[in-house]
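Here is the structure we will look at.
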Amino acid sequence: RCSRDWSSDVCSSDLAFDIHLQIPEVPITEEWDWLTDLQTTQDGSEDSVPLLRYPKRTFKGNYQFDTVADIRYYLATMFKSQPGVLKFPLFQYAVPLKASVTAPATSITVNADRCDARAGGMGLIIEGDKSDLVTIDTVSSTTITFLLPIANSYTKRAIFCAVVSAYSSGNANVTRKAVDGVATASFTFMEYQPQAPFVSPLNTEVLTYYDSLPIITDNVEGGDYTQTLSTGAEINEFIGIPERIR
């Protein structure tokens, strides 16, 4: 268990500097990548072979800092974690507490269906400058319990989210402003290993299958879709009339 409660702009020497506590700006981009290998036989038939059972997740986004302490904490975390593994809270799945909690409590009341938490995994409770990094013991649809009690008390304004192990890309950057205490940063974090189990035990969604393959019942909406017609034609055009070679 670790906690943070800053009363000044000075970074305390007992901080672990292994977790990003800054809440990213919206949106947070989450990419899922499955690696496959395509095998082609002599008759032209193709067979796609999955190389990963679960996808690799990559998280991208931006931070906006408003205090000197937050900037120093972020820089210290990035410098200490390179090139190792750090803790990345999944703020895109954060849920508010449904009831206040007083230390040393060992459970909180939340909508666990939305926070993607796992028993045995890590979680973060944060409200302002107070935070607790916890190890999750059990998860139900309304309650999450911890192995150890929390160190701080929280109101219903606090949020909870799951935490995963990740490593940063080699191109992290920070842009400082002329005004001291203001900065922005972009991040790209790759998940170290998939959560276990990958699908939440609270997920009750049932897919429709045909010939062992899932059927997508909803049409994709939004985004851009491009179609290209390749005829293989080659045309020479000089001074006169264009000439089609083939």
Side-chain angles (χ1 to χ4, degrees), residues 1-26 28 59 61-81 85-140 142-166 168 174 180-185 187 189:
R1 183 185 72 232
C2 73
S3 64
R4 176 189 72 160
D5 190 356
W6 291 341
S7 58
S8 66
D9 284 345
V10 178
C11 287
S12 174
S13 60
D14 61 353
L15 293 174
F17 297 115
D18 62 350
I19 180 173
H20 283 294
L21 298 174
Q22 182 75 14
I23 299 178
E25 299 296 296
V26 177
I28 302 174
F59 311 100
N62 298 282
Y63 291 120
Q64 176 71 51
F65 303 101
D66 300 319
T67 67
V68 175
D70 288 340
I71 298 174
R72 290 175 178 173
Y73 182 87
Y74 174 77
L75 292 175
T77 303
M78 291 304 297
F79 277 113
K80 183 177 179 180
S81 63
V85 177
L86 50 82
K87 300 178 181 68
F88 180 68
L90 301 180
F91 285 110
Q92 63 270 35
Y93 302 120
V95 292
L97 270 61
K98 290 190 173 183
S100 300
V101 60
T102 303
T106 57
S107 65
I108 56 174
T109 303
V110 296
N111 184 357
D113 292 334
R114 296 180 178 271
C115 68
D116 205 33
R118 300 288 188 278
M122 295 179 293
L124 177 70
I125 310 173
I126 185 169
E127 181 181 3
D129 287 340
K130 295 188 301 182
S131 64
D132 276 87
L133 180 66
V134 296
T135 300
I136 301 172
D137 185 21
T138 61
V139 179
S140 69
T142 58
T143 305
I144 297 178
T145 62
F146 314 126
L147 291 179
L148 296 174
I150 58 177
N152 299 294
S153 299
Y154 299 93
T155 68
K156 291 192 293 184
R157 292 189 297 270
I159 60 175
F160 172 84
C161 62
V163 177
V164 298
S165 297
S168 175
V174 178
D180 194 17
V182 179
T184 59
F187 64 85
F189 295 124

Query - Spatial distance of atom CG (N152) from atom CG (D129) [nearest 0.5 Å] - result: 11.0 Å
Query - Which atom of A117 lies closest to which atom of A162, heavy atoms considered - result: CA-CB, 4.2 Å
Report task. Only pairs at least two apart or in different chains count here, so list each salt bridge (Lys or Arg N to Asp or Glu O under 4.0 Å) that has a residue in residues 145-159. Result -> E127-R157
Query raised in the report: Mind checking whether V134 and I150 have side chains closer than 4.5 Å, heavy atoms only?
Result: yes
Report summary line: Here the gap from T142 atom OG1 to I108 atom CD1, rounded to the nearest 0.5 Å, amounts to 11.0 Å
Report task. Determine yes or no for a side-chain-to-main-chain donor-acceptor pair under 3.5 angstrom, with S153 supplying the side chain and A103 the backbone. Result -> yes
Query raised in the report: Under 6.0 Å between the ring centres of H20 and F189?
Result: yes
Query raised in the report: Which is it for R114 and D116 under the salt bridge (charged side-chain N to carboxylate O under 4.0 Å, His left out) test, yes or no, and what are the steps along the way?
Result: CA-CA 6 Å; R114 296 180 178 271; D116 205 33; over 6 Å; no
Query - Side-chain heavy atoms of F160 within contact of C115, under 4.5 Å - result: yes
**Report entry** Straight-line distance of N62 CG to F187 CZ, nearest 0.5 Å
**Finding:** 7.0 Å
Report task. Verify whether one side chain among D70 and Y63 offers a donor that lies under 3.5 Å from an acceptor in the other. Result -> no
Quiz: residues 85-96 side-chain donor-acceptor pairs under 3.5 angstrom, not counting sequence neighbours:
{"from": "K87", "atom 1": "NZ", "to": "D18", "atom 2": "OD2", "distance (Å)": "2.7"}
{"from": "Q92", "atom 1": "NE2", "to": "E30", "atom 2": "OE1", "distance (Å)": "2.9"}
{"from": "Y93", "atom 1": "OH", "to": "E30", "atom 2": "OE1", "distance (Å)": "3.0"}
{"from": "Y93", "atom 1": "OH", "to": "E30", "atom 2": "OE2", "distance (Å)": "3.2"}

Query raised in the report: What residues, two or more places apart in sequence or in another chain, satisfy side-chain contact (heavy atoms from CB on, under 4.5 Å) together with K98?
Result: T109, N111
Query raised in the report: Between atom OG of S131 and atom CD1 of I159, what is the distance when rounded to the nearest 0.5 Å?
Result: 10.5 Å
**Report entry** Separation between OG1 of T145 and CD1 of I136, rounded to the nearest 0.5 Å
**Finding:** 9.0 Å
Report summary line: Output for pair (I125 CD1, L97 CG), nearest 0.5 Å, gives 6.5 Å
Query raised in the report: Which heavy atom of F146 sits nearest a heavy atom of I144, and at what distance?
Result: CE2-CG2, 3.7 Å
Query raised in the report: Between K130 and D132, is there a salt bridge with N-O shorter than 4.0 Å?
Result: no
Query raised in the report: Within the distance-only criterion (no hydrogens, no angle test), does the side chain of Q22 pair as donor or acceptor with the backbone N or O of Y74 below 3.5 angstrom?
Result: no
Requested in this report: Over all heavy atoms of both residues, which pair between I126 and L21 is shortest? Give the atoms and the distance, please.
Outcome: CD1-O, 3.5 Å
Requested in this report: Answer whether the closest heavy-atom distance between the side chains of P24 and Q64 falls below 4.5 Å.
Outcome: no
